[in-house]
Amino acid sequence: MLPKQNRLKKRKEFGYIHKNGKRVHSEHLTLTYIESRFPIPKIGVVVSNKSGNAVVRNRIKRQLREILKQNINNLRSHQNIVLSAHPNISECDFSKLGAEINYLLKKGKRINE
RNA sequence: GUAGCUAGUUAGACGGUCGAAUUUCUUUUUAAGAAAUUAGGAAAGUCCGAGCACAACAGGGCAAGGUGCAAGAUAACAUCUUGUGAAGGCGACUUUAAGGAUAGUGCAACAGAAAUAUACCGCCACUUAUUUGUCUAUUUUUGUGUUUUUUGAUUUAUGUAUUAUCAUUUAUCUUACCUCCUAUUUUUUCACAAAAAUCCAAGUGGUAAGGUUGGAAAGGUGGUGUAAGAGACCACCGCAAACAAAGAGAUUUGUUUGGCUCUGUAAACCCCACCUUGUGCAAGAUAAGGAAGAAAAAAGGUUGCCCGCCUUCUUCCGAUAUACAUCGCUUGAACAUAUUGGUGACAAUAUGUCUAGAUAGAUGACCGUCCACGACAGAACUCGGCUUAUCGACUAGGCUACCCCC
RNA sequence: GGAGAGGUACUCAAGUGGUUGAAGAGACGUCCCUGCUAAGGACGCAGUACGGGAAACCGUAGCGAGGGUUCAAAUCCCUCCCUCUCCG
């Protein structure tokens with residue numbers, strides 16, 4: 001799990017980021033990000049109801065959070081990130097998800113060089 | 001040994017690295033460290049029943065809805081247990097929305113003479129009229145015209161037969177392909193015309209045996225009986241009612257009586273008996289109000305309606321603004337073990353335990369080893385059930401049928 | 001988490017037990033009309049599966065799926081599946 005200070009929590013925050021943020025896409029994921037005035041980066045994960053039943057959705061969320069946790073020290077400060085999964089996400093395994101997230105973070109220039 | 005029946009249990013294991021939530025303790029002061037605990041048999045579907053919370057849920061009536069063999073269990077139930085009836089299985093055993101159709105109403109297409117009541121055909125008796133020719137029907141003969149095979153569908157009759165089926169057979173319709181394509185004759189079928197022969201009507205009453213249907217025709221089979229017939233009578237079977245016995249009861253057994261009353265449908269309306277206030281934790285609780293104006297008849301609330309009951313409104317100003325919070329929230333019809341009572345569901349007593357409580361939502365991610373290679377699947381206020389999904393593994397000094405050996 | 005509504009042809013849909021060939025409209029296909037197209041007109045369309053037949057045609061199943069009640073179910077009852085809406 002992510003530490004509590006790094007989580008996005010409020011419904012308003014998710015709505016604001018979805019409305020005003022910039023997006024980067026890959027085959028199974030979408031990364032939405034926006035600048036913020038707090039130095040600590042905050043991350044939220046979204047998996048829709050169409051991806052599968054509750055067990056599948058929970059496992060995907062855990063795997064995505066685990067990958068983000070490994071990269072959290074490399075992330076640039078002053079930003080909020082929402083990672084959304086596409087409905088066919090259940091095809092991917094752990095290593096493929098990690099590759100996709102790295103690709104997205106580099107493409108969106110979210111990582112400290 | 002094979003095939004089953006019943007009742008249950010379980011739902012990968014071990015190790016390493018990195019993390020999350022709750023509680024407690026310690027140190028430091030907002031963080032860190034340690035320890036303990038951290039998802040199921042269905043957590044699911046939300047199909048029933050309760051707790052709990054709020055709303056004057058006081059109360060009465062109507063409407064609406066639910067349940068439906070008996071006795072019991074339970075906080076309650078559309079649940080469970082033990083029995084009864086019915087159905088299925090060689091059997092162990094399983095399944096069962098199983099009250100009332102003689103309280104009333106409705107519906108029952110098509111077919112059929114007739115659909116819950118009738119009397120069309122037929123059968124029988126009696127009375128009246130009466131042999132005539134027209135019509136009609138049948139048969140025979142003659143003449144004219146059409147058709148003639150095969151397959152399929154529908155249909156008539158006969159035989160076997162309880163029916164069904166099967167075999168033979170009659171007629172009509174459909175027409176691909178093949179053969180012939182000129183004419184004549186014979187036979188058969190149908191249509192038309194002519195001739196000859198035969199039969200003929202109406203009414204009253206009795207009867208429900210027979211009449212190609214249909215899911216269903218109002219007891220069945222055989223006999224007696226009769227003008228013809230009939231539960232009109234008899235034997236056996238079946239149905240219904242009353243009585244007696246057994247049982248707590250559903251019901252069972254026996255005896256007597258009955259055939260006027262008697263089709264099916266209540267998962268159609270309905271009747272009988274019993275039950276139901278509504279909304280649902282997004283329930284709800286915790287806060288800051290003040291001023292002015294209107295007002296006794298209306299408005300609003302209380303369940304769908306009526307009675308009844310309860311409350312009061314409008315405007316302006318201001319406060320609260322991470323209320324996106326805290327509580328509700330987990331000690332409970334709880335769990336484990338033992339004893340006792342009960343056929344059993346279950347209950348009582350004793351001892352012990354505290355065993356998820358998140359809020360973008362924790363209970364995990366990755367790696368390694370082993371095996372049978374891991375199914376269905378994720379708590380969201382809490383319980384009791386039902387239903388549905390599910391790779392497998394295992395248990396019972398349990399039970400049944402068949403086969404083999406002693 | 002809680003409360004509801006619906007499912008009939010390619011699409012929109014009618015049909016609440018009974019001769020049903022399961023209305024109707026659009027779309028689609030064929031033909032007519034026109035020098036050509038559009039519009040218009042006619043016909044066909046529960047168009048599927050299985051069995052029989054050379055064919056015409058006949059029989060059975062089929063209204064989201066599976067059971068039940070009934071002589072008879074798209075319709076009545078039960079259980080599942082799918083879609084949509086509302087409650088901060």
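In what follows, chains are A, B, ... by sequence order, proteins preceding strands, each numbered from 1.
- Each of A:Gln63 and A:Gly44 was matched to the nucleotide of RNA chain B holding its nearest heavy atom; the match closer to the 5' end belongs to A:Gly44.
- Comparing the C1' positions of B:A43 and B:U38 gives a spacing of 15 Å, expressed to the nearest Å.
- Projected onto RNA chain B by closest heavy-atom contact, A:Arg62 and A:Val56 fall at different nucleotides, the more 5' of which corresponds to A:Arg62.
- Nearest to the side chain of A:Glu66, among B:G378, B:G364, B:C366, sits B:G364.
- Applying the 6.0 Å contact sphere to NZ of A:Lys107 captures more than 12 heavy atoms from other residues, nucleotides or ligands.
- Using atom P as the reference point in both B:A266 and B:C270, the two lie 15 Å apart (nearest Å).
- To the nearest whole angstrom, the two P atoms, one in B:A164 and one in B:C190, are 29 Å apart.
- Atom P of B:U256 sits at a distance of 13 Å from the matching atom of B:C237, rounded to the whole Å.
- Comparing B:G41 with B:A389, their C1' atoms sit 11 Å apart, to the nearest whole Å.
- Across the strands present, B:C200 finds no partner; the criterion is a Watson-Crick or G-U wobble pair with both atom distances under 3.5 angstrom.
- Taking the P atoms as reference points, B:U212 lies 23 Å from C:A72, given to the whole Å.
- With a 3.5 Å ceiling on both atom-pair distances, the Watson-Crick or G-U wobble partner of B:A401 is B:U2.
- Look at the P atom in both B:A208 and B:G220: the space between them is 13 Å, to the nearest Å.
- With a 3.5 Å ceiling on both atom-pair distances, the Watson-Crick or G-U wobble partner of B:A73 is B:U79.
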